[in-house]
Amino acid sequence: MSVQSATWAYNVFLSFRGEDTRKSFTSALYDALNRKGIFVFRDDIELKRGKSIQSELFRAIEQSRFSIIIFSKNYACSTWCLDELVKIVECNQPSNQQMIFPIFYDVEPTIVRIQTGAFQEAFANHEEAFGENNEKVQKWRDALEKVADLSTWELNDRNELEFVENIVKEISRKLIPKVFETHKELVGINSRLNKLMPLLDIRSNDACMIGIWGMGGVGKTTIARIMYDLISWQFEGSSFLEISENNNLISLQNNLLHDLNIQETNNSIYNADKNIEMIQTRLRHKRVLIVIDNVVEVEQLKKLAGECNWFGSGSRIIITSRDEHLLTTHGVEEDLLYKLEELNDDEARKLFCMKAFKVHDKNFEHLTESFVKYAGGLPLALRVLGSFLFVRTIEQWESALQSFKRDSAPVEIHKILQISFDGLEKKCQDIFLDIACFLQGEDKDHAIKILKGCDFDPIDRVDVLRKKSLISTHDNKLWMHDLLQEMGKRIVMSESTQPGKRSRLWEEDGIRRALSEDRGTDAVQAIRLKSVVPEFGEKLELPGVKYLKVFEELGHFIMNLARHMNLRNSLATMDLSPTVFSKMTKLRILKIHYMNFPEGLEYLPNELRFLEWTGYPFKFLPPNFNPSKIVEFHMRRSSIEQLWIGANDLNNLISIKLGNSSNLVRTPDFSGIPNLEELEFESCTKLHEIDPSLFGHKNLIELNLKRCTSLDSLPSSINMGSLRKLALSGCSKLTNFPEIGGDMKLLSELLLDGTDISALPLSLQLLPGLVLLNLADCKKLESLPSAIINGLKHLETLILSGCSKLRIFPEIEGRMEFLSKLHLDGTAIEELPSSVELLSKLAFLDLNDCKNLVRLPSTINGLRSLKTLKLSGCSKLENVPKNLGKVKSLEELDISGTAIREPD
């Protein structure tokens, strides 16, 4: 392991003179550190027989977070100790996280620093043995001087046991990651960690699974997260997987592989069995920490962590669930199960008071005891209830308490939690219910846009919910504890026994009952039906356009098969009336999939703000539908030919997604959509006409026209000041790219791969913010003007793979400070310009299959950042520049399939 590694085999390396302190001070310190769970290397215990002792010692020093050096009178007599000392100092560089702690046991720092007394005598002997000016002896002296100047511990006349305790406390404090500081307010956490830590037994080399179980709201996720934060640095890789109804097993598998650096996100596999195979084969020899949180089905574990032998020695799999039986069924051993109990009375009182008071008021003590008793030690209930009562009067506390006492049965958690909900203003309640029923796990910024479109003024109100402990944000996503989510759904279901009279519908049975025989009413505000079968092709990224047709046809076949087999939902087989939505005049959110309307559709509510209808079966929207309030139009795989004719004033609309709508012929007029930010027509294979108003749009951020294979032309110029990403990949009939006609400094990604473009406009150089330019498989592209390349000063990645007519790579006329990846594989390039050395940050250069490449310039040796050079299949290349192999940064050189015999 490199000394730069952030994963340490040991917490502490002990360096000491055995004859002086092994059986006394060193032994006491070693035992005290071990009792605290601090992993210590001590040579007489840790060294393995048959190994080179010095190499083992040096490796242990490299793999230790801290080195404690115990200086005693005879320390300098040992050349062994002095060699250890030099190695410790070498590892203690600014780039490392290692630290040195010198202890002066029975010798003063001054004696060590300038080598007087016993140290002077020892060095006299060393100089006699090795020579007065010996380099080794000088290194020993320098190391002693340097270490003696560090912050030190001196025993002097202090009590040895107290001295040892202070050292252990200081090491323990420094070992705890800074992230633990964020958990200071978590009451009772230390006692629970002390019970859980022995189960983890980090020093054991066996891979094992640990189960944490208990009732909802007791804090399983919290303690798992803290444990993960505390110990993840000790493993080769780590992943925290949160299971919710919004993610599926395949996405969780891909997240796991991505977290553990087994695959990149854009290389995700959408096959559960293949992912299992990859987890088993790629993680078998890797020491990992994995937390699988909120497991509700054994099947989830079988596909994420089937057995311990899927993972390397010393791996730890922590699983949280409400169900103990689920954990034992999966094979978690009984002695590795930890039941997380509720807080005791003192802990519960402390947590409640932290949330309910700025300064504790004794006048509230009797009421505090009553509320703590009702909460039953459940941390979530205590936090929510305390937040609700914060800064309220004693009369309000008494009123709330009376509402509990009116219930003869024991107080249920949902009733406790609902007190906070009842205290919210109406729009806050609406936001809470929308999150509970639809937006749990949603990207926070996206959710805010939806709620804003519903006139809920969400920014401040979402913060109110967070401060009242009703929601939280993690990784910029909105989260709600499952108990709170259940409460929200229960509130909605209690609105009426008839689903058609409830405000929100999300269960298939309720939606069926509401839609059949037109039983919906104006009470319905939102309908969301999740698809059982994933949408094929939407996340599929292919290199170029090869095999595209095969994948498209396969995807459509599988989806049609799924429909016929009734895999999506039973609503797909139910014939609905054309007026099914006519009574739902207040419908804000509609998200459905593949529904049958044999007699057509006559009505959609004008109040719609978010419309997601996968597989919309009609050519046009209903004629009387006025989407003036719409925020997002998502109708992938629809049969629609055109959204509307002429201009429509849609000031609220920010997103249109019509991907894979194979009947779409033309786009609408965009002049009446001034706030549009996202536009996606990916794989709309009949789309041949884009309204010119689009290319002067001022607020559009992302435009996706990938694989619009009928699109053969664009307007002569483009001026989109807010555009950040323009994707035209796979537009195989597109022959020209428009002139840059204005300020487009924000455009960072331009994807033209797989187009029929033969030349680029010189105005492309007017894109100062461009980071990625992809021209892969542009088979007709013959040249790349020097002015363009040299004008793109912030370009990081340039992809020209498969541009088979490209023979010349332009001269570099100035330092390109950011270009780090250059793909030229499959081009007709014969040689690179000598000015390539000006690409100072170039780390990746791919020249594979450049059949015409004859030579490389000697200046390629000047690429001091180059890590990967690929030359495979360059059959005419006979040699590489002299000394290329001595480029220090070079890690990978592929010359397979070349005429090179023996590279220098």
Side-chain angles (χ1 to χ4, degrees), residues 264-267 541-547 706 725-730 737 748-760 764 767 770-786 788-812 816-833 835-853 856-857 860 863 865-875 877 880 889-898:
E264 297 180 2
T265 304
N266 58 2
N267 290 328
E541 292 291 340
L542 300 174
V545 293
K546 194 174 183 181
Y547 305 125
K706 287 183 179 180
K725 181 177 181 178
L726 174 55
L728 293 160
S729 307
F737 187 77
S748 62
E749 293 185 38
L750 179 56
L751 310 181
L752 300 173
D753 48 302
T755 63
D756 208 31
I757 288 173
S758 58
L760 296 171
L764 209 65
L767 299 175
L770 201 63
V771 172
L772 167 63
L773 176 57
N774 190 347
L775 293 160
D777 294 318
C778 290
K779 303 296 185 183
K780 292 186 179 181
L781 187 68
E782 297 182 357
S783 65
L784 193 62
S786 175
I788 292 178
I789 292 302
N790 289 289
L792 301 176
K793 295 298 184 182
H794 288 85
L795 195 65
E796 295 178 7
T797 302
L798 175 60
I799 305 175
L800 294 161
S801 309
C803 294
S804 52
K805 290 189 177 183
L806 185 66
R807 294 184 174 275
I808 299 175
F809 188 79
E811 291 283 350
I812 308 300
M816 297 186 69
E817 300 289 345
F818 298 97
L819 190 66
S820 61
K821 294 182 180 180
L822 179 56
H823 299 254
L824 297 172
D825 47 306
T827 62
I829 285 176
E830 297 176 358
E831 61 179 327
L832 290 176
S835 57
V836 71
E837 67 176 335
L838 295 176
L839 302 177
S840 58
K841 294 295 177 63
L842 192 66
F844 179 93
L845 177 56
D846 190 350
L847 291 160
N848 282 349
D849 297 314
C850 289
K851 306 295 185 183
N852 296 331
L853 187 66
L856 294 175
I860 200 169
L863 296 175
S865 299
L866 190 64
K867 292 183 178 180
T868 301
L869 176 58
K870 296 190 174 187
L871 299 166
S872 173
C874 297
S875 52
L877 187 65
V880 295
S889 61
L890 194 62
E891 297 174 355
E892 180 184 355
L893 174 61
D894 186 355
I895 57 172
S896 58
T898 68

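The first residue in the sequence is number 1, and the count goes up from there.
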Check your understanding: Which heavy atom of L775 sits nearest a heavy atom of C803, and at what distance?
Key -> O-SG, 3.0 Å

Practice item. Over all heavy atoms of both residues, which pair between L752 and C778 is shortest? Give the atoms and the distance, please. Key: O-SG, 3.2 Å

**Study point:** side chain to side chain contact (heavy atoms under 4.5 Å, CB included) between L832 and L845, worked out
**Key:** CA-CA 11 Å; L832 290 176; L845 177 56; 4.1 Å; yes

Review point. Considering residues, nucleotides and ligands other than L772, do more than 12 of their heavy atoms fall under 6.0 Å from its CG?
Key: yes

Check your understanding: Is it the case that more than 12 heavy atoms not belonging to K793 sit under 6.0 Å from its NZ atom?
Key -> yes

Check your understanding: Which heavy atom of L792 sits nearest a heavy atom of M816, and at what distance?
Key -> O-CE, 3.5 Å

Review point. How many angstroms lie between atom CG of L806 and atom CG of L800, to the nearest 0.5 angstrom?
Key: 6.0 Å

Point to revise | Exam field: side chain N848 to backbone S872, donor-acceptor pair closer than 3.5 Å | key: yes

Practice item. Please round to the nearest 0.5 Å and tell me the distance separating atom OG1 of T797 and atom CG of L819. Key: 7.0 Å

**Study point:** Greater than 12 external heavy atoms within 6.0 Å of K851's NZ
**Key:** yes

Exercise for review: Kindly determine whether L856 and L871 satisfy side chain to side chain contact (heavy atoms under 4.5 Å, CB included), including the steps that lead there.
Suggested key: CA-CA 10 Å; L856 294 175; L871 299 166; 4.0 Å; yes

Practice item. Verify the neighbour count for atom NZ of K779: are there more than 12 heavy atoms of other residues, nucleotides or ligands below 6.0 Å? Key: yes

Revision key, fill the gap. Between I812 and L838 the two heavy atoms that sit nearest each other are O-CD1, 3.4 Å

Check your understanding: Going by atom types alone, do S889 and S865 pair a side-chain donor with an acceptor below 3.5 Å?
Key -> no

Exercise for review: Supply the atom-to-atom distance S804 OG to K780 NZ, rounded to the nearest 0.5 angstrom.
Suggested key: 11.0 Å

Point to revise | L726 side, atom CG; L751 side, atom CG - distance, nearest 0.5 Å | key: 7.5 Å

I'd like a table of donor-acceptor pairs (distance under 3.5 Å, sequence neighbours excluded) in which one partner is a side-chain atom from residues 822-830, with atom names and distances.
{"from": "D825", "atom 1": "OD1", "to": "S801", "atom 2": "OG", "distance (Å)": "2.7"}
{"from": "D825", "atom 1": "OD2", "to": "S801", "atom 2": "OG", "distance (Å)": "3.4"}
{"from": "T827", "atom 1": "OG1", "to": "L824", "atom 2": "O", "distance (Å)": "2.8"}

Review point. At their closest point, which heavy atom of L866 faces which heavy atom of F844, and how far apart are they?
Key: CD1-N, 4.2 Å

**Study point:** Working for salt bridge (charged side-chain N to carboxylate O under 4.0 Å, His left out), residues D846 and K870
**Key:** CA-CA 5 Å; D846 190 350; K870 296 190 174 187; 5.0 Å; no

Practice item. Dump the intermediate steps for side chain to side chain contact (heavy atoms under 4.5 Å, CB included) on F737 and T755, then the final yes or no. Key: CA-CA 10 Å; F737 187 77; T755 63; over 6 Å; no

Practice item. Supply the atom-to-atom distance E811 CD to I789 CD1, rounded to the nearest 0.5 angstrom. Key: 12.5 Å

Revision key, fill the gap. Taken to the nearest 0.5 Å, the spacing of E837 CD from L863 CG works out to 8.0 Å

Review point. How close do K841 and E817 get, heavy atom to heavy atom, and via which atoms?
Key: CG-O, 2.8 Å

Review point. Stepwise, does the side chain to side chain contact (heavy atoms under 4.5 Å, CB included) test hold for T898 with V880?
Key: CA-CA 10 Å; T898 68; V880 295; over 6 Å; no

